[in-house]
Amino acid sequence: MTDLTPSPAAAPIAAATRPRTRIPRPSLAPRWAALALASWCTVGLNQAWWARLEQLAHEQSLSTTEQLLTALVLTAATFLWFMLLSWPGLRRVGWSATLVTAAAVQYFMLRYGIVVDSGMVRNALQTNTSETLALLGSGLLVHVLLYAGLPLALLWGGVRLQTTAWRRDLWRSALLVLASAGAVVGGSMLLYKPMAPLVRNHTEIRYLLNPLATVTSVSNVTIKPLFKPQRPFQRISEDAALGASYAAHPLQPTAASAAPARKPPLLVLVVGETARSDHFGLNGYPRNTTPEMEARHVISWRNVRSCGTNTLASVPCMFSHLGKEGFEGRKLDYDNLLDVLQSAGLGVDWLDNQAGCKGVCSRIPHSQADQVASPDAVRQWCKDDECLDQIMVDLLDQRLSALNKAGQNKGTVLVLHQMGSHGPAYHRRSAPAHKRFTPECATHVTSDCSRGELVNVYDNSIVETDHFISRTIDWLQTQQDRFDTGLIYLSDHGESLGENGLYLHGLPYVIAPDVQKHVPWVLWPGTLLERTQVAERCLRAGTDAALTHDHFYHSVLGLLDVLSHTYQPALDAFASCRTAGRPHAA
């Protein structure tokens, strides 16, 4: 009889071939997974929302029942979004993208006090690489891992999503979706009375709903335009002409002399970035952040408001003839101030040290400073793909020569778009020689710095701007044997430096604090005021006049004596000081 008992040597082999016991993963229907993720968003990813409601409790305190109802409505609305992404093959990717985005958005809400409206999304989409990298850091990574890491781990490895027949399971999902929609509608009606005053008086609340506000804003920017007809384009520059100051006449006429041609104008327009008027020494700031401009006897208006709170909103608006209200409600797209100047016969050039001209320079010569500068200049002024604005001063001779090579221009306008005081990496906006105020905040996470450090580093960036503008003025003075010269500096928007827990800029205009809208406007008169018969003493006496970006377009036309049907004397900041009225066309 054969012995079938395994030998001791064979026992380990037999044991090794036995299948291992696997711990079964819990399974979950996708609808319940979506509900769990929505609940997590309400509790873990809406901290800014709940914190803001708590801050406003002195105006409108919600009862415990109302708070629970608010959480139910928010969860139900978020669940509907997750269910919209719950198709097989899409759900894990779509849900993951939503969680990561929501965690990142919450980080910026809590750190910088921002809200994600359509304007913020548009601005973010046009931000260049260096500005984007300045906002990224270990704090963001930790926050995303903390608030999105666990649900992502469960979603991809901890829980098995059931793959039931969709026809058989459809009614269950549909029932839950209908119940959620009913909760959103019914709950919103019940919450209208306590919440309506808060939303009406504090419209930023609606932009704190996470991730719903981001989803809505991104959709408005990327999807909604696909179903909206593009605005027709209409030219306004066809009738542009040069005024009487361009006619040949003697500068100091005598009976015996022939009439020489007057020198052509040379105007530099500096588009400032993120400068606050109340941090300019010229405007009464206790710190003298603008000593070099003061020594050059510039004129500074103290009561100026911007068109928007971010570059994308402000720059196209300030170069438009429509003004803020007309620009935002326009039915047509138009060419702009630079097109009018070029059409009149002036040479116009845009030199950029920022994230582009936002379409303003698309029909004139334009360049990025670091791309046309010499290697030596790039080494001197640039680091980590960002350059100090001084690099543009080194390029002025080059840009002027290129525009006047053919000798056909009647004058020249050079536009310089600054990096200025763009945050949050303010410490990269000034050279060591201009870091007068210390200690300064040396990180891009501004909320990690003390108020004093943050103000110091921002003020140093204003000192850098002061030096940049003053160097440009000095260059203009070297050109006065050939040109009638002048310079206008105007910032696109202001900045929050921690007031009321807000940082950076870009809040919706209606709720943005004044520091994001109160901007400096500086004029170095050179000889252009005399050319167009503007009394300098009169301008200096009116520096408290209330001006806005709406005045910029018309003031430049008036200063350069360029005629256009779009010109409005009432919006020309120089018109009231023009001694002989506006000259007529030559």
Okay, side chain of [X], backbone of [Y]: is any donor-acceptor separation there less than 3.5 Å?
{"X": "H518", "Y": "V515", "result": "no"}
{"X": "N283", "Y": "R302", "result": "no"}
{"X": "R429", "Y": "Y458", "result": "no"}
{"X": "D278", "Y": "Y285", "result": "no"}
{"X": "D389", "Y": "N353", "result": "no"}
{"X": "Q106", "Y": "Q47", "result": "yes"}
{"X": "D550", "Y": "K324", "result": "yes"}

Checklist outcome for this item: One should read off an interatomic distance between L140 CG and F108 CZ, to the nearest 0.5 angstrom, of 5.0 Å

Item to check | Point-to-point distance, once rounded to the nearest 0.5 Å, from OG1 of T309 to OH of Y509 | outcome: 8.5 Å

Checklist entry - Got a sec, which residues hit side chain to side chain donor-acceptor pair (under 3.5 Å) with S496, two or more places apart in sequence or on another chain? => result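 Side chain to side chain donor-acceptor pair (under 3.5 Å) check on S496 returns Q516.
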
Next on the checklist: Among residues at least two apart in sequence or on other chains, which ones pass side chain to side chain donor-acceptor pair (under 3.5 Å) with S491?
Outcome noted: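 Result, side chain to side chain donor-acceptor pair (under 3.5 Å) vs S491: none returned.
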
Next on the checklist: For R436, give me all partners under salt bridge (charged side-chain N to carboxylate O under 4.0 Å, His left out), at least two apart in sequence or on another chain.
Outcome noted: none

Assess whether atom [atom1] of [X] is packed by more than 12 heavy atoms of other residues, nucleotides or ligands within 6.0 Å.
{"X": "W50", "atom1": "CH2", "result": "yes"}
{"X": "Q55", "atom1": "CD", "result": "yes"}
{"X": "E54", "atom1": "CD", "result": "no"}

Item to check | Short N-O contact, D448 and R111, less than 4.0 angstrom | outcome: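 So D448 pairs with R111 through a salt bridge.
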
Checklist entry - Is there any salt bridge (charged side-chain N to carboxylate O under 4.0 Å, His left out) pair reaching into residues 491-518, and which pairs are they, with sequence neighbours excluded? => result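 For residues 491-518: R276-E499, R305-D514, R451-E499.
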
Item to check | Pairs touching residues 309-318 that satisfy salt bridge (charged side-chain N to carboxylate O under 4.0 Å, His left out), sequence neighbours left out | outcome: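 Every candidate salt bridge (charged side-chain N to carboxylate O under 4.0 Å, His left out) pair involving residues 309-318 fails, so no pair, neighbours aside, qualifies.
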
Checklist entry - side chain to side chain contact (heavy atoms under 4.5 Å, CB included) with L502: which of L507, V115, I114, L497? => result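 Of the listed residues L507, V115, I114, L497, the side chain to side chain contact (heavy atoms under 4.5 Å, CB included) partner of L502 is L507.
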
For a quick test of reading the model, state the closest non-hydrogen atom pair linking [X] to [Y] and the distance between them.
{"X": "W95", "Y": "P30", "value": "CH2-O, 3.5 Å"}
{"X": "D352", "Y": "C357", "value": "OD2-N, 3.6 Å"}
{"X": "T289", "Y": "G281", "value": "OG1-N, 3.0 Å"}
{"X": "L45", "Y": "N210", "value": "O-ND2, 2.8 Å"}
{"X": "V116", "Y": "M109", "value": "CG2-CE, 4.4 Å"}
{"X": "L454", "Y": "G498", "value": "CD2-N, 4.4 Å"}

So [Y] and [X], do their side chains get closer than 4.5 Å, heavy atoms only?
{"X": "N336", "Y": "P316", "result": "no"}
{"X": "W40", "Y": "L154", "result": "no"}
{"X": "T290", "Y": "V522", "result": "no"}
{"X": "E273", "Y": "V315", "result": "no"}
{"X": "V455", "Y": "H279", "result": "yes"}

Checklist entry - Of all residues at least two apart in sequence or in a different chain, which pass the side chain to side chain contact (heavy atoms under 4.5 Å, CB included) check with A431? => result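 Side chain to side chain contact (heavy atoms under 4.5 Å, CB included) list for A431, sorted by chain: L388, H434, E464.
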
Item to check | Donor-acceptor side-chain pairing of N310 and H493 below 3.5 angstrom | outcome: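 No.
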
Checklist entry - Do Q418 and T465 have side-chain atoms, one donor and one acceptor, less than 3.5 Å apart? => result yes

Item to check | ring pair (Phe, Tyr, Trp, His ring centres under 6.0 Å), paired with F552, selected from F327, W301, F319 | outcome: F319

